[in-house]
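The block underneath contains the structure these notes are about, expressed in structure tokens.
Each chain gets a letter, A, B and so on, in the order the sequences are listed, and its residues count up from 1.
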Number of protein chains: 2
Amino acid sequence: MNPKSETRKEEIISTAAKLFKEKGYSAVTMRDLASAMGIKAASLYNHISSKQDILKKIIISIAEEFTAGMNSIIESDSSNIEKLKQIVSLHVDITANNTNGMASLNNDWMHLEEQLDYYLQLRNEYEANFLRLIQKGISTSEIKDNSPEIIMFSMLTTLRSLYLWIPKKEDLDAKDLSQSLSVVLIEGINK
Amino acid sequence: MNPKSETRKEEIISTAAKLFKEKGYSAVTMRDLASAMGIKAASLYNHISSKQDILKKIIISIAEEFTAGMNSIIESDSSNIEKLKQIVSLHVDITANNTNGMASLNNDWMHLEEQLDYYLQLRNEYEANFLRLIQKGISTSEIKDNSPEIIMFSMLTTLRSLYLWIPKKEDLDAKDLSQSLSVVLIEGINK
DNA sequence: GTCTATATACCGATAGAC
DNA sequence: GTCTATCGGTATATAGAC
């Protein structure tokens with residue numbers, strides 16, 4: 001609980017997230033992780049209680065960030081289109097701050113044990129809020145009357161895949177990316 | 001090589017694809033796979049040579065389908081926007097025919113061994129063709145002058161994630177879905 | 001806080017009977 | 001074509017020395 005051991009623990013978690021992104025949770029062994037940190041596998045257990053504990057800390061913290069961000073967006077009094085743009089920014093910001101962790105959130109959530117139901121609850125609520133926002137936008141004629149499910153699917157999968165793409169564009173400003181992405185996703189690409 | 005053993009082999013591969021979609025290649029054991037087929041793990045080896053062999057057959061066959069489809073699209077004499085719509089249909093059709101396999105293609109390609117370089121070559125060529133098509137569309141003023149990389153990223157990640165969504169919409173016609181998705185991706189969502 | 005040594009379980013794959 | 005039995009290797013995790 002002292003600051004030094006917290007730092008070491010966080011170092012383990014961020015190293016694990018990097019390895020999980022490359023090969024997935026199941027294919028990364030505690031020996032791989034220890035080796036990447038320059039220590040032996042047994043030494044990891046002085047800082048974390050299990051491999052599962054690492055995955056849980058990576059995924060749940062990000063999922064809760066998304067929930068908090070979504071709640072603050074839907075409570076604001078912006079237009080529905082404006083709220084969609086804020087969701088784009090939310091994804092860009094969280095992904096830029098934790099690119100590796102986003103890979104685990106997307107690809108390894110099914111390996112959660114005790115926290116699986118909690119994760120699924122947060123995800124379902126997030127998607128329900130997203131869908132309601134699009135439906136409201138359609139009813140106020142801000143958004144074209146297409147299938148709201150297809151609109152949400154298209155936007156959300158693009159935003160969820162940002163972790164694959166952001167590290168390649170380190171020189172790109174988060175605000176610029178949010179802006180460009182909003183234009184493409186909302187205004188379309190054809191002239 | 002006789003028809004009956006080919007059928008049994010294909011049964012193993014499609015069962016494996018289903019399990020790989022649920023938990024990922026690394027987390028599925030040969031005992032899991034055998035159990036899902038109602039036999040013992042050792043019996044699998046009468047039909048396939050290794051676990052890796054199963055992954056290879058799932059991924060490479062789909063990757064080659066995409067390559068063939070892309071080549072036939074870029075060689076046609078449609079407009080660039082029309083070609084983009086044909087790419088949408090290509091993804092919808094392949095995903096509808098092999099939803100489980102698409103999960104492995106997206107998430108387990110890094111576990112390929114001998115075939116990894118070949119897979120990456122096919123993927124890079126596919127993305128290069130996609131990007132060139134968008135760049136041509138911009139130069140002919142069919143497509144807005146946004147970043148072609150962002151446009152490709154947005155379209156391609158949505159299309160690559162279709163496997164997550166198509167099984168939930170079994171009642172939906174492939175042609176309808178391609179049409180709706182093309183509208184959302186190309187014309188945007190705002191009025 | 002890291003080490004060596006090890007417990008216990010499971011992995012992919014093979015041998016050979018039926 | 002499937003089985004039982006098993007090999008050699010590796011997984012997560014713990015015990016206890018330093």
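Taking the six-membered ring for Trp, Tyr119(A) and His111(A) have ring centres at least 6.0 Å apart.
The separation between Lys40(A) atom NZ and dT4(C) atom P is 5 Å, rounded to whole Å. Rounded to whole angstrom, the span from the CG atom of Asn46(A) across to the C1' atom of dC3(C) amounts to 11 Å. The NZ-P distance, from Lys51(A) to dT12(D), rounds to 5 Å in whole Å. The separation between Met30(A) atom CE and dT4(C) atom C1' is 17 Å, rounded to whole Å. When the C1' atom of dT12(D) is taken as reference, atom CG of Asp53(A) falls 14 Å away, rounded to whole Å. Taking atom NZ of Lys23(B) as the reference point, atom C1' of dC11(C) lies 13 Å away to the nearest angstrom. Ile39(A) places its CD1 atom 21 Å from the P atom of dC18(D), with the value rounded to the nearest Å. In this structure, Leu33(B) atom CG and dA13(C) atom P are separated by 11 Å, rounded to whole Å.
The phosphate of dA13(C) (OP1 or OP2) has a side-chain N or O of Tyr45(B) nearer than 4.0 angstrom. An OP1 or OP2 oxygen of dC3(C) is reached within less than 4.0 angstrom by a side-chain nitrogen or oxygen of Ser43(A).
Residues Ala42(A) and Thr29(A) each lie close to DNA chain D; by heavy-atom proximity, the contact nearer the 5' end of the strand is made by Thr29(A).
Within 3.5 Å, a donor on the side chain of Arg31(B) pairs with an acceptor on the base of dG12(C), or the reverse.
Note: Trp165(A) and Phe153(B) have parallel aromatic rings, judged against thresholds of 30 and 60 degrees for the angle between ring planes.
For Lys51(A) and Tyr25(A), the positive end sits near the middle of the six-membered ring, less than 6.0 Å away and at most 45° from its axis.
If you check the side chains of Thr67(B) and Glu125(B), you find no donor sitting under 3.5 Å from an acceptor.
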